[in-house]
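Working notes for the structure below.
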Amino acid sequence: MCCNTTKFAAYFKVNSKMRYNFNDIEKKWQDKWAQNETFKASNKSDKPKYYVLDMFPYPSGAGLHVGHPLGYIASDIYARYKRHKGFNVLHPQGYDSFGLPAEQYAIQTGQHPAVTTEANIKTYRRQLDQIGFSFDWSREVRTSNPEYYKWTQWIFIQLFESYYCKDSDMARPVSELVEVFKTEGNTRINAACDDDVELFTAEDWNAYTSEQQQEILLKYRLTYLAETEVNWCPALGTVLANDEIVNGVSERGGHPVIRKKMTQWSMRISAYAERLLQGLDTIDWTDALKDIQKNWIGKSVGASVTFNVIPTEQSDEESHTISVFTTRPDTIFGVSFMTLAPEHELVAKITTPEQKAEVDAYTEATAKRSERDRMADVKTISGVFTGAYAEHPFTKEPIPIWIGDYVLASYGTGAVMAVPCGDQRDYGFAKHFNIPIPNIFDGVDISEEAFDSKDNVKIANSDFLNGFNYKKATKRAIYELEQIGQGEGKTNYRLRDAVFSRQRYWGEPFPVYYVNGMPQMIDAEHLPLTLPEVEKYLPTEEGEPPLGRADVWAWDTKNNKVVSNEVLRQAQHDQTNDNVIPTERSDEESHNGVYPLELNTMPGWAGSSWYFFRYMEEQAKRDEAFATEDALKYWENVDLYIGGSEHATGHLLYSRFWVKFLYDRGFVGIDEPFKKLINQGMILGTSAFIYKIEPIITYYGENVNRGKPLEEISDELCVGDYFISKSFIDKEETYPLYGEVQFHNEELQLRFKEIFLQRFKGFTFSDGNDYAQRFIDNIEKFEVDGIFACKRQVDISLLEGSSDYLDIDAIKQDTRYSDWKDAEFIKEDDKFLTLREPEKMSKSKYNVVNPDDIVEQYGADSLRLYEMFLGPLEQYKPWNTAGITGVHGFLKKLWKLFHQGENGEFYVNPSPLGKSEGAESLKTLHKTIKKVEEDIENFSFNTSVSTFMIAVNELTAQKCTSKDILQPLLVLISPYAPHIAEELWEKLGHSESISTAPFPKFEASHLVESSKNYPISFNGKMRFTMELPLDMDKDEIEKTVLANEKTQEQLQGRTPKKVIVVPGKIVNIVG
RNA sequence: GUGGGGAUGGCGAAAAUGGCAAACGCACCUGACUUAGAAUCAGGAAUCUGAGAGUUCGAAUCUCUCUCCCCAUACCA
């Protein structure tokens, strides 16, 4: 009967209603979801909340490639799953729409970044929509929207108005600080501040001018203006944060970066170092990511030690001290010299006249070396003696003071107490300059290298520390240093304050204007301060940031609005005419209340440090606050955050910092933004390469001169462009040559010899290359005895279909490859095979696959399934379009499962399934429920796709049509392939979306087995299987198995030494 | 150098708790249906877990040694 049906269907054209018409289905449901606002989250619900967030994208001009949606698909599956599980899910999306690429494009084309950004967002939105994400778009954010960055500016103002109190270990209002200053000065203040803060009394404070007070307060504020050494990138015309620099060049574009002193806004993130570190223990992130942040924060516990410099006759009257930070105060008696960074301020003061020339030369040389050189070159030991000596705090022995560039000015105090026996760098330095290496470790040989372990330390030759271990000696050393007032226990962090200014146009303007050079905040009620128009997006001729070009960019404090610079100039002009001494008359009067606005803009991470709170608020209430208290209270923090690991030390650290700050000041109720975080791996492109070949020739004269590719001898000896199918190389043994390969192939060698004799016999070189000419003159003595092959990248669009074969006609017609239009492509079996290698997917590598094409050809559901099917979420894996037919075929089979009626009509059997006749199908269903639920909870999406395939294969084989089976199956699949699930759900008679249908309940009873097919092993090797009842006990199993004739056959008369029976698992017979 | 993660067929991969290695899919081969292709259906093959040692009745899984690859970080005192 059934066979007939299959045959039957084959004879008749299946009409379109019955076919899996994914394009129509997907469009239909995407429209419906949008119309019905199916995925709109509510801020009031009886259901428990769940917040699933993706790292929002920067909308680049290139649009999405198939690698981008990977994380979005995973989070969407999880969000949909949680809805089935009865949660009120917030799953929003938006755009990190300020940024460099739009601005670079604006510089090149003159187009306003807002315009290109808008266009790019449209493309992104279209691409995202067609993949069928369950985003609540009503909550979209764009960081470049004034209604959004109004609140970024607002947070900035809060940071400005706050300082970090170390006593209460939290941020507090600056106004509180001022109160204390007024009544008791700063002597008892324990706050995070600049190093150079001087002590003052209440009287001092009250006597200071307003400017002096403001200057002092800046040293305490959480965002402050300070002259800092910054990473200046001339090519980009801006400063970069430490995490925006990779290997000494800019992360974007790879431009060189130099050190430069500039007045910049900075964020006092260092105040939060300890809490950022401790907070890691409270969140569910991968260890890898936590380790990266831990290393970045770089906590080290030790002591600060002060050394007195021994005055010499030549030195000035002042007495100097050198303060150092050490993690090994226990090795204090091992100090045999000190090293200062060449930039250290004491260098000039303590250097003796005899050493001056040498020291100057050295400092000058290191200053010239770029950071990059210094970083790359860690092997060379260099340094100079200053001629000065410091006094050992305990032994009072003189210690020579050196300078060396292995000491970094930016870490600790820029000086170290060198303990060569306990630190390998100090050891190397001492060896190199013949400085003594006293051994203070008992029973340790330091003749070859330093002993830098903290374990099994027994201190010797160290006065009161003798015989102590690391822990005890450290404690004692600190105690003794404190006694003589030359040191104390100290903890150091590597984490530096983050520079917050960018000399760029396309970013948030600072809500700041300047009165007498002192920054003033614009009142929050007048925000947003919107970006002004400029005629060009480049720095000004004077080197000011692009905002310096704005004509309307002055702040009128009387009317609280932005006014033309003309007004400002007029006011300044009046002032000069009045000939008033500015300090005498208040600046406010002189400017007529109009002041210059800040010209820098905020960095990319400003807007992304708090956007997750913005999503919590509904559009209607977004004017009131960055998010209302109710919304913040309801959603708390992000339950699941998915994104790339490249943000480990940028976005993910800065967000945590801002959230802790907002928490301290009572603006939010949580102090960690992202409870659980998963880094999705990257989908790699599969680049295509072809092999260009050249003959390798050997001279067989009196001296055999072996193996050179022809073009190595002279460029003029070009035999033309030849490419070979990779299949040639696969057959031959290859050897490396010049980073590429060489191999032998008689046929090709002969061919090249002919060509080359024909072309170059009697050839004269135009450039008078003697070496090459001599070679040609002896042309008969040369043999082509190898082939040199080098890889050339080609666009994957030039391949035939999704195969690895090159379409030669296509490449010859492609203008990008016009150099090769006369080249010869040597095929094999009429095919030209390319080499395929996975690489990062990028336009420049010609290996980009566009999701639009995939969706059109296979549908969004296929794309979603395939991205998941590719492999574990966190792993890097190559994309291969050919494989998508597998999951696509699965969807078709699923469709067919619901269309087993006559002529392939939709059919499911609604009658309830009896226990006995449905046992097989129930078993399939419930093992699928169990596995899929486990998989989703473990974010193992690839294995659940396999599970679906198995289920559909089994149900197809069972010819299952029961609604009791197929309906719950649909809910399981729905998070992965929502469109087809909705369509079939509707066909099942539902009028509501499948998206909130309850997740099927797993019932173990359906999986209960009565027997087990036992593998019977002999000495651990499985030989055959035996079906035995599961309730059979150990002895019984052993008896039955041994009695079996196959067992006897295996034993060949031997008596088993031992029989291992694990009921329900295995039987192993030893002997 | 340091920290993290890996290594399983031609490819992507799967195998809580040690218990039939390679499920699922791609590619490959054969057959059916087709004028042919596409699609679909039925069937098939192979390779033996990076190397070495150990623990065990039994190891992809646990322990040790080594090799290679990827990522992060880099003179942090």
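Below, chain A is the first sequence line, B the second, and so on; all start at residue 1.
Within the 3.5 Å criterion, the main-chain N or O of D804(A) finds a donor-acceptor partner in the side chain of T834(A).
S645(A) comes within 4.0 angstrom of nothing in the nucleic acid, heavy atoms only. Using a 4.0 Å heavy-atom criterion, one finds that D291(A) contacts the sugar-phosphate atoms exclusively. As judged by a 4.0 angstrom heavy-atom cut-off over every strand, V1062(A) is placed among the base-contacting residues. As judged by a 4.0 angstrom heavy-atom cut-off over every strand, D287(A) is placed among residues making no nucleic acid contact. Counting non-hydrogen atoms under 4.0 angstrom, K1058(A) reaches the backbone sugars and phosphates but no base. Within 4.0 Å (heavy atoms only), N942(A) reaches sugar-phosphate atoms of the nucleic acid but no base atom. Contacts of L870(A) with the nucleic acid, taken as non-hydrogen atoms under 4.0 Å apart, involve only primed sugar atoms and P, OP1 or OP2.
Summarising the geometry, the separation between CG on D935(A) and C1' on rA13(B) is reported as 14 Å, rounded to the nearest angstrom. In this structure, the NZ atom of K290(A) is 14 Å from the C1' atom of rG4(B), given to the nearest Å. With rounding to whole Å, I292(A) atom CD1 is found 11 Å from rG5(B) atom P. We find that CG of L653(A) is positioned 15 Å from C1' of rU73(B), with the value rounded to whole Å. Rounded to whole Å, atom P of rG3(B) lies 19 Å from atom CD of Q293(A). If you take CZ of R836(A) and C1' of rC26(B), they are 14 Å apart, rounded to a whole angstrom. Atom-to-atom, CG of L873(A) to P of rG12(B) comes out at 18 Å; the value is rounded to the nearest Å.
For K893(A) against rU40(B), a side-chain-to-base donor-acceptor contact under 3.5 Å is absent.
The 12-atom threshold is not exceeded at NZ of K840(A), counting heavy atoms of other residues, nucleotides or ligands nearer than 6.0 Å. Within 6.0 Å of atom CD in E856(A), 12 or fewer heavy atoms from other residues, nucleotides or ligands are found, so the atom counts as exposed in its surroundings.
Nearer to the 5' terminus of RNA chain B, by closest-nucleotide assignment, is the contact made by K892(A) (compared with the other of K892(A) and I1069(A)).
Separating the C1' atom of rC57(B) from that of rC66(B) is a span of 29 Å, rounded to the nearest Å. rG9(B) and rC48(B): their C1' atoms are spaced 9 Å apart (whole Å). Here the separation of rA16(B) from rU35(B), taken at their P atoms, is 49 Å to the nearest Å. Taking atom P on both rU63(B) and rG19(B), the two are 15 Å apart, rounded to the nearest angstrom.
Of all nucleotides present, none satisfies the Watson-Crick or G-U wobble test against rA77(B) with each distance under 3.5 Å. Base pairing of rA72(B) is made with rU2(B), judged by Watson-Crick or G-U wobble geometry with both donor-acceptor distances under 3.5 Å.
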- Show your working on side chain to side chain contact (heavy atoms under 4.5 Å, CB included) between H344(A) and V347(A) and close with a plain yes or no. CA-CA 6 Å; H344(A) 199 283; V347(A) 172; 3.9 Å; yes
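Ion pairing between E954(A) and K927(A) holds under the 4.0 Å rule for side-chain N and carboxylate O.
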